[in-house]
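Each ligand, and each atom within it, is numbered from 1 in the order the structure gives.
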Amino acid sequence: MSAYRVPPTACHLAYFASMEIKKGIGVSSGVVICTAVVLDAEDLLIPKRLVEAEQIPREIERFDRAVADSIEDLGKLKDSLTLHAGEDVAGVGGIFDFHMGVLRDKVLLRQITDEIKKNRASAEYAVSTVMRRSANTFLAMTDRYFSERVKDIHDIERRLLRNLIGQKHEDLLHLTSDVVVIAHDLLPSQTAALDRNHVKGFASDVGGRTSHTAIVARAMGIPAVVGLGNITSEVSGGDIVIIDGTRGVVIVNPDAEQLVEHREARKKQLELGKELADLVDLPAETLDGHIVSLQANIEFPEDVDDALTQGAQGIGLYRTEFLYLASDTEPTEEDHFEAYANALRRVGGRPLVIRTLDLGADKYTTAMAQSPERNPFLGDRSIRMCLHDIPMFKRQLRAVMRSSVLGDVRIMFPMICTIMELRQAKMVLNDVMEELEDEGVPFRRETPVGMMVEVPAAVIQADQFAKEVNFFSIGTNDLIQYTLAVDRTNEKVAGLFCPAHPAVLKLVRDTIRSGARNSISVSVCGEMAGDPLYTLLLLGLGLNTFSMSGPDIPEVKKIIRSTTMEHARQVARRVMSFDSERQVMHFLREETRKIIPEAF
Ligand code: PEP
Ligand code: MG
């Protein structure tokens, strides 16, 4: 699993010293700013140790005591959690019951005592051997629920070993001040045992949405981001950390600007939350009756629910590569299909734009991380990688097409740079449709096919591309990086990463114009779409579909509902006459503040 850094949403004029912005998977929403505690990766490797025959009864007695102590520990942890959290939300208590059940499992206990008796193993070695064997059995199961249980088995093993070795681990029950917890991978029981009064959020190197860590975090209502890659090596105990579980971002040693921005975000979140209830069912309609569509970007099917709660009218970008990033094994066609069918069930007839795999560069799988490229953003990423691995690409396309009969599915190819790439991708899609037809599998042949416009070459040739696709979606995150020659993951040049650069704005404008000329729809799905600073401008440039993080929707909608198209067009005309990003930002700030005085 990998993490990637994201650029700040607004331009920064200064370069950052040690600030680090990391993107992972937000699994529990909210923003927290706090001091970090880093949990060491506990690696209890047990050497092989044999005992004399006469010591066997003593080893069995030690083992029995460790089991009893472990069950007692778990009982106390469960009671303490129930006391803090009240009811057993989302099965948190079930984790402890499961662990206690395993520790009472007669077959498992007998296997361990047999290991001691027959092989004269020390109690520690017997526990380690048998538990790891058991973990491997779970790991081999294809069902994700069971493979996730491997972490529980490791957790139980460690608890037993700690009790045997006599080193009670320093848990997080005895904190005296507020902290956020940074760990490689919080074990389920560690997560559940967090002192709710003082642990205000957490972030981990690995993890996925279906892990216990995520379930428990949501149950405890603390912001959490997982799948950050190497956050444990980036943070030292005592560092100030911002965890933004809503956007899936962690900022280590934030500068003054980020602190202000996130304090403000926290405040706004609360205030906007109140307004949200009133806005959610209202259309994104200007005062003079022009309606636009506000959609959401998602990484997992489950994200659809939050997006709809925030007022999304559909999903404008489903980043399907997270299916790969959240798992150690390559997803099968069925894994893809299940995910798409799930998303379609949740989205309830609204559009779902499924972007084909955008792996590589900032989104590495564990296997890919073994042989990194020299210039990954200019390398074998995204559609290029798919066209180099047709079986992988076909697996995904088959699943997308199979799901097309279940709802309003649209396919989108990322990072298209040349007409030949687009044609090749469409040819593979045609092959897939023919295969499905031969097999008698139903699909919707007229499923709309679009492309992301995220490299300058695609804008320059937009009219040619427009004749071969049903829609464009502008990926400003990459478009900015490729236009301004700024690595979007490099904090040293983060100050140069700027949507307001006049060259970027011209490319956005030209893409929208090309779409209109060729009668195809155009959306923006990069971060710029959700930044209220650019709402008036994008509206004035004629953008009809905005796709953004769900939590950004209310503010953008509020701006749209407070202006007229005439005013937005005036703003756009004025902005396009400026020659520097400074002027652009200054003007847009002033104009936006007239609508939302507390903005920025
Ligand atoms: C983009 O590049 O703007 C985009 C939306 O895609 P991603 O951030 O996933 O590269
Ligand atoms: Mg992109």
Atom indices of ligand 1, in the order listed, that fall short of 4.0 Å to a heavy atom of [X]:
| X | value |
| --- | --- |
| Asp478 | 1 (C), 2 (O), 3 (O), 10 (O) |
| Asp358 | 9 (O), 10 (O) |
| Gly475 | 1 (C), 2 (O), 3 (O) |
| Cys525 | 5 (C) |

Does Arg355 have a non-hydrogen atom less than 4.0 Å from ligand 1?
->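 True for this residue.
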Are Met528 and ligand 1 in contact, using a heavy-atom cut-off of under 4.0 Å?
->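 No.
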Ile231 to Ala183 - nearest heavy-atom pair and separation |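 Looking at all heavy atoms of both residues, the shortest contact is CG2-O, 4.5 Å.
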Least distance between heavy atoms, Thr511 atom then Val522 atom |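 In this case the closest contact between Thr511 and Val522 is O-CG2, 3.9 Å.
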Residues that Tyr318 engages under ring pair (Phe, Tyr, Trp, His ring centres under 6.0 Å), provided they are two or more places apart |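 Once residues adjacent in sequence are excluded, the partners of Tyr318 under the ring pair (Phe, Tyr, Trp, His ring centres under 6.0 Å) criterion are Tyr340.
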Main chain of [Y], side chain of [X]: is a donor-acceptor contact present, judged purely on distance under 3.5 Å?
| X | Y | answer |
| --- | --- | --- |
| Glu421 | Ile416 | no |
| Lys558 | Ile596 | no |
| Ser403 | Val400 | yes |

Could you see which bit of Arg319 sits under 4.0 Å from ligand 1, with heavy atoms only: side chain, backbone, both or neither?
->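 The answer is the side chain of Arg319.
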Taking heavy atoms and a distance under 4.0 Å, where does Leu317 meet ligand 1: side chain, backbone, both or neither?
->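 The answer is the side chain of Leu317.
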Can you spot which of Arg402, Gln396, Lys394 makes a side chain to side chain donor-acceptor pair (under 3.5 Å) with Glu333?
->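 It is Arg402; the other options fail the test.
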So, Asp408 and Arg350, do they make that salt bridge, N to O below 4.0 Å?
->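 Salt bridge between Asp408 and Arg350, a charged N being under 4.0 Å from a carboxylate O: no.
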Report yes if Thr476 has an N/O atom closer than 3.5 Å to an N/O atom of ligand 1; otherwise report no.
->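 Between Thr476 and ligand 1 (N or O atoms, distance only) the closest approach is under 3.5 Å.
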What N, O or S atom of Glu454 is found closest to the Mg ion (ligand 2)?
->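 This turns out to be OE1.
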In Asp478, which N, O or S atom comes closest to the Mg ion (ligand 2)?
->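 The atom in question is OD2.
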